[in-house]
Amino acid sequence: MLKVEFFARHSPFTIHHSPFIIGCPVAQISDEIINEVRDRAKIQEIVAEYVSLKRTGANAHGLCPFHGEKSPSFNVNPGRGIFHCFGCGVGGDVFTFLMKIEGLDFPEAVRFLAKRVGVVIEERAVSPGEKRRVDERERFLRINELAVVFYRRFLLEEREAGAAREYLVRRGVDDAIAENYRLGFAPDRWDLLTRYLERQGVPLEQAEKLGLLRRRDGGGYYDTFRNRLLFVIAGPQGHPIGFGGRVLDDSLPKYINSPESPVYRKSEVLFGIHLAKPAMRESGRVLIVEGYFDHLALYQAGVKNVVAACGTALTEQHLKLLSRYAGRIDILFDADGAGRKATLRTVELCLTEQVAASVVELPQGEDPDSYIRKEGKEAFALLVARARPAFDFLTREILKRENVGSADGKARVANDLAPRLLKIRDPIERERYLQEIARSLDIDPQFIRQSVGRDPVRAERFAPRERGPATGGDPEEMLLAIMGKFPTVARSVAAEGIEAFFRPELAGVAGEIMGQMLEEDRVDWPAVLRLITPDEERSRLAALFIDETHLNDIDVDKAVAQCRASREKALLGEAKTLRQELFRVEPESERYWEILRRLDELRARKSLVSSSGRNQTEVH
């Protein structure tokens, strides 16, 4: 028990330390002991404390704790002392299971099991250097614990922390959550923590190494955190390794974080990992957000499987840490420029490390904290359910910044995405994305398939071929003239519907010609021309209508079929353009839904055109 005196006017209180949490192994464990622990430990009993198992034959089955599933694919073979999940592929012995589910390293897992099965570990002494490092780590963690208690007590009891307590109320933080997070407050004084640690006999140079204090130019020390609300950064086992301090107003910098220290390496820990472990194991997923309050707001709302980057770019070590507890990552950063860049960096890292990931996209101007407080947990759950797969998100971002209507733009997109396709392990998923990219670029999928892992795609592949002179006019405009000469064609158009033959700009003119032919068996061409705008267009079509001799030798059935085929091709072209645009617009935006509605209309019209063509073929 370590006794800590807060201030002279406060009664003493104690800090309780768990040797398992604060302490580190001080010796190596012999192979004989490891084997004895493994032999004595009954893997089915150990696993059954975390997973509901049902015995069927030689194996026991249950739902895998390492990824979300509805049908059990997790198997334990007690006779062989091993486990394996046929869903996510994880497997091993009893030590592997504990290491993964509890986030322990190997020596910690051995000690955990040894105590359970009654094996006494007689450890060989480590070297003086190793012992010194272990002792130093324990001292550093104890100093951080002193600071946690100091700041926490100040927030709860001191008048100077009144503004901080009011700030938490305004942010909707209740007392239970504040206690769970061990929130504290650093007073607006230069050396209050310094003097406190000095009275506790803490070597101030060690507190400086932890980033709690800074050295004055003229000698002595002063407090790093002043007039800031403090978040405790804890390791996977819950021990305090650093701090994040936030101002209560709009002054800058908004946040100050602990520097790296002997116990805190930013590339290896994420805020809230110790709180999120049970929910990550249960759901098989982890949500990554940017800030402390994003994490707190979600956690308080019941979203427990969440960690925060807090200004640190995600690293390979972070992903390895998360993979102990979850099989899939949902990326949820702010909907601003900086958040978008951070999302792209994280997506690239997940692809490189072959970690399954999705991107949750917030409405513009929102962050997780503001969104869940305004919209609630159910709306947030729907947002997460609509998360876009990482490669899909990356594809859309690349398509947004390129002109895919040009050959150069197509080549740049293909060259950007082809090497990234190699990072998708599942060949079926890789082929699906390849096909989608090819459709978006309007190119042969084989071009991309051949380019994956090979030479860059050249723009010449996509340059349009030289076309010869046109052999005929616009089929739809030609059909206007044909309808005005042949009543049977007007009746066919009426039977199949104008939209099966004419684009919207010509639908009004076509309807007028068709109506006059059906009612009067003739066309009032001046009346028709009055419907056409602008003047240039009216003049151009007048040249087509003015003389019908060019229609004398025309194959009417063929002309109708060409017009129908032209319309179908036009609908396909418009749909392709809209699908390309859909990749570039913001999801859930007004334009996004407008495109989806138009695509539905086009599908219906294409179906109408295709079916009318089949019907005409059958009639003839």
Side-chain angles (χ1 to χ4, degrees), residues 67-68 270 272 276 280 283-291 294-295 297-298 303 305-316 318-319 322-323 326-372 375 379-402 413 416-417 420-421 423-426 429-430 432-433 436-437 440 579-589 591-593 595-596:
H67 80 286
L270 291 161
M280 286 193 292
S283 67
R285 302 177 77 121
V286 57
L287 195 65
I288 302 179
V289 296
E290 284 191 64
D294 293 330
H295 187 286
L298 295 180
V303 182
N305 59 326
V306 58
V307 298
C310 299
T312 301
L314 238 66
T315 66
E316 179 184 348
H318 286 141
L319 295 185
L322 294 175
S323 68
R328 187 170 194 88
I329 291 173
D330 292 315
I331 305 162
L332 176 57
F333 292 156
D334 294 352
D336 56 17
R340 211 75 174 172
K341 289 179 181 178
T343 299
L344 282 170
R345 285 196 302 269
T346 305
V347 164
E348 292 277 16
L349 178 65
C350 290
L351 286 173
T352 299
E353 298 302 318
Q354 297 190 326
V355 172
S358 299
V359 177
V360 182
E361 297 183 84
L362 290 164
Q364 191 65 33
E366 296 282 8
D367 57 41
D369 178 18
S370 65
Y371 185 86
I372 200 163
E375 305 296 337
F380 181 81
L382 289 174
L383 203 67
V384 174
R386 293 198 298 266
R388 196 180 299 283
F391 194 86
D392 188 7
F393 176 85
L394 180 64
T395 299
R396 289 171 181 267
E397 291 297 306
I398 290 175
L399 286 169
K400 281 181 186 178
R401 67 181 187 228
E402 296 290 351
V413 171
D416 273 350
L417 291 175
R420 292 178 169 100
L421 282 167
K423 299 175 182 178
I424 301 176
R425 284 182 292 184
D426 185 342
E429 184 181 11
R430 183 167 59 244
R432 180 174 66 83
Y433 278 120
E436 287 183 8
I437 294 165
S440 300
R579 284 195 295 271
Q580 290 174 349
E581 185 182 355
L582 193 65
F583 271 92
R584 298 191 292 272
V585 300
E586 287 294 325
E588 312 302 320
S589 65
R591 179 57 181 160
Y592 180 87
W593 292 113
I595 292 173
L596 289 180

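From a predicted model like this one, the values you see are computed outputs, not experimental measurements.
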- Residue pair Phe391 / Val347, side-chain heavy-atom distance below 4.5 Å: no
- Task: Would you check if Leu332 and Phe380 make a side-chain contact, meaning some heavy-atom pair closer than 4.5 Å?
- Result: yes
- Task: Verify side chain to side chain contact (heavy atoms under 4.5 Å, CB included) between Glu353 and Ser323, making sure each step is shown before the conclusion.
- Result: CA-CA 11 Å; Glu353 298 302 318; Ser323 68; over 6 Å; no
- Item | Interatomic distance, Glu429 atom CD to Leu421 atom CG [nearest 0.5 angstrom] | 10.0 Å
- Item | Option from Leu351, Ile329, Ile331 for which side chain to side chain contact (heavy atoms under 4.5 Å, CB included) with Thr346 holds | Ile331
- Here the pair of heavy atoms bringing Tyr371 nearest to Glu366 is N-OE1, 3.7 Å
- When rounded to the nearest 0.5 angstrom, what distance separates NE2 in His318 from OG1 in Thr312? 6.0 Å
- Minimal non-hydrogen separation, Cys310 against Gly291, with atom names: SG-C, 4.1 Å
- Query: Mind checking whether Asp369 and Val289 have side chains closer than 4.5 Å, heavy atoms only?
  - Reply: no
- Reported CG-to-CD distance for the pair Leu349 and Gln354, which is rounded to 0.5 angstrom: 12.0 Å
- With Asp294, which of Ile372, Asp334, Leu287 fulfils side chain to side chain contact (heavy atoms under 4.5 Å, CB included)? Asp334
- Message: Contact between Phe393 and Leu344 at the side-chain level, heavy atoms closer than 4.5 Å - yes or no?
- Response: yes
- Minimal heavy-atom distance between Gln364 and Ala335, with the atoms involved, is NE2-O, 2.8 Å
- Query: Would you say Lys341 has more than 12 foreign heavy atoms packed within less than 6.0 Å of its NZ?
  - Reply: no
- Nearest 0.5 Å, what's the NZ-OG1 distance between Lys400 and Thr395? 12.0 Å
- Task: State the CG-CG distance between Leu314 and Leu322, to the nearest 0.5 angstrom.
- Result: 7.0 Å
- Item | Least distance between heavy atoms, Ala356 atom then Arg328 atom | CB-NH1, 3.2 Å
- Message: For Arg340, is there an ion pair with Glu361 - N to carboxylate O distance below 4.0 angstrom?
- Response: yes
- Query: Do Asp416 and Arg401 have side-chain heavy atoms sitting under 4.5 Å apart?
  - Reply: yes
- Task: Indicate yes or no: does Arg432 engage Glu436 in a salt bridge with an N to O separation below 4.0 Å.
- Result: yes
- Query: Can you find a pair of side-chain heavy atoms, one from Leu383 and one from Glu375, that are under 4.5 Å apart?
  - Reply: no
- Item | Presence of salt bridge, Arg345 and Glu348, under 4.0 angstrom | no
- Item | Rounded distance (nearest 0.5 Å) linking atom CD1 of Ile288 with atom NE2 of His295 | 11.0 Å
- Item | Over all atoms of both residues, closest heavy-atom pair of Gly339 and Phe333 | O-CB, 3.8 Å
- Item | Close side-chain approach of Val286 and Leu270, heavy atoms under 4.5 Å | no
- Query: Can you check whether Glu290 reaches Asp367 side chain to side chain, under 4.5 Å on heavy atoms?
  - Reply: no
